[in-house]
2 protein chains.
Amino acid sequence: MSAQEANDVLERLCNLQRMEARAFGLRYGLQPVQMEALTYLTQCNRYSNTPQAVAEYLGLTKGTVSQSLKVLEQKGFLRKQADNEDKRIVRLAPTTKGSNLIKKALLTRSLEPALARTDSIKIAELTSALRSILRGMQQINGRKAFGACHTCRFNEDHEKNGYVCGLTREPLSVQDIQLICREHQYPH
Amino acid sequence: MSAQEANDVLERLCNLQRMEARAFGLRYGLQPVQMEALTYLTQCNRYSNTPQAVAEYLGLTKGTVSQSLKVLEQKGFLRKQADNEDKRIVRLAPTTKGSNLIKKALLTRSLEPALARTDSIKIAELTSALRSILRGMQQINGRKAFGACHTCRFNEDHEKNGYVCGLTREPLSVQDIQLICREHQYPH
DNA sequence: TCCATTTAGTTTCGACTCAATACTAATTTC
DNA sequence: GAAATTAGTATTGAGTCGAAACTAAATGGA
């Protein structure tokens, strides 16, 4: 069992995912990149819902992303709102229409049901292996990991007092720590 | 450990892969889709090296793929050759320049080194979990898996007489069964 | 046998993505 | 308080993509 083998299967899985996402988006008049941006926005936390963060997550320039977001807004999938503290910053929030679309897309994709029929021990192994690979990739290429807070080295578990982000010192709820954060870093 | 969790990590990993592939390709004047096509062509077997197969693998229309292949040929990364038996069919073979580029790309990507530093037991678990998920996805969405012959239900192990493809009845070498085939189906 | 159908591939066209560049406006720095 | 930085937008040109129309070779009946 070689690394090449794992690489190939992973590659193929990614391709299938992309094909399905494309096909689904087309049915609703959305381009693949727009689906990806909207998916991200339904899963990211309140530090990470800006055009800049979307651009970093997708690995595209902010100019490019700006256009995709404009389309999503025009079609009623998300709302833009100026930040109260820093007026340069635009906050992006999916509308009900937008988040419903993504929910449906995730259910329609075959990855979800395929995972559902895999036993949970295997999924646990899989997730842990993938996470360690992701950590490795992050170290090697220096890019951000965009993980959820509960796997982040800055996240502090204050037991019955809840969670706190070590970067912003803000308290985080149980729901919060499941969301994707642009400041995410895996523990060393 | 939820399926959602595994889904997210997988999603992120795919995104990182794509970002790196894009960045690498750009340095050599190739578009992401061209890199993907060329990668496929260095890894597929002799039943699967046609424009149609590339289109199926990438989930694009043959017209679209035809253009990408034209560019790859013009830039000297692959050669086209008419099939001897069926003159409609075009056989695609990466040139030395082409396969060297892909070799370099795979090494440059961070997935490869990240896999290298993961212990082999974990990789074995990972591969087996991914494969079972892929099998599930294949059943659900009906798309082709494009796996390597040695994981295919048509592949027959004739022990010291080598391998035989149950579809074409052709003998296959040890190298052959590592390649990606468009007819691939996982065992039930 | 021969004509219709199917299959593999190409070409063309219009809608769209994307990076690069230049731009505005708000914030930070010193 | 001016210069530099940061967040975001607009424009442009190269390139992708799907749809549709096309060519050419193979297949399949009657």
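Remember, it's a predicted structure, so these values are computed and weren't measured experimentally.
Between R22(A) atom CZ and dC16(C) atom C1' the separation is 12 Å, expressed in whole Å. What separates CZ of R18(B) from C1' of dC18(C) is a distance of 14 Å, to the nearest Å. One interatomic measurement links the two molecules: CG of L60(B) to C1' of dG9(C), which rounds to 15 Å at whole-angstrom precision.
For residues 61-75 of chain B, proximity to DNA chain D is found at T61(B), T64(B), Q67(B), defined as any non-hydrogen atom under 4.0 angstrom from a strand atom. Using a 4.0 Å cut-off on heavy atoms, the residues of residues 80-90 of chain A that approach DNA chain D are K80(A), R88(A), I89(A), V90(A), listed by number. DNA chain C lies under 4.0 Å from no heavy atom of any residue of residues 38-58 of chain A.
The hydrophobic cluster containing V71(A), built from Ile/Leu/Val/Met/Phe/Trp/Tyr side-chain heavy atoms closer than 4.5 Å, comprises no other residue.
Heavy-atom contacts of chain B under 4.0 Å fall on DNA chain D between two terminal nucleotides, which in 5' to 3' order are dG15(D) to dA26(D).
Taking the disulfide (SG to SG under 2.5 Å) definition, one finds that C44(A) meets it with nothing, sequence neighbours left out. For Y47(A), the ring-ring contact (aromatic ring centres under 6.0 Å, His included) criterion is met by no residue, not counting sequence neighbours. For F154(A), there are no ring-ring contact (aromatic ring centres under 6.0 Å, His included) partners two or more places apart in sequence or in a different chain. With sequence neighbours left out, the salt bridge (Lys or Arg N to Asp or Glu O under 4.0 Å) criterion links R182(B) to E56(B). Remark: F77(B) pairs with no residue by the ring-ring contact (aromatic ring centres under 6.0 Å, His included) rule, at least two apart or across chains. Scored by the disulfide (SG to SG under 2.5 Å) test, C165(A) finds no partners at all (sequence neighbours excluded).
Recorded end-axis angle for the helix from dT1(C)-dA30(D) to dC30(C)-dG1(D) stands at 20°, based on five pairs per end and rounded to 10 degrees.
In the model, R91(B) has no side-chain atom that pairs as donor or acceptor with a side-chain atom of Q81(B) under 3.5 Å.
R91(A) comes within 4.0 angstrom of no nucleic acid atom, judged by non-hydrogen atoms across all strands.
Under the 2.5 Å cut-off for SG-SG separation, C14(B) and C14(A) qualify: their sulfur atoms lie closer than that.
Note on Q31(A): every side-chain N or O is 4.0 Å or more away from OP1 and OP2 of dA15(C).
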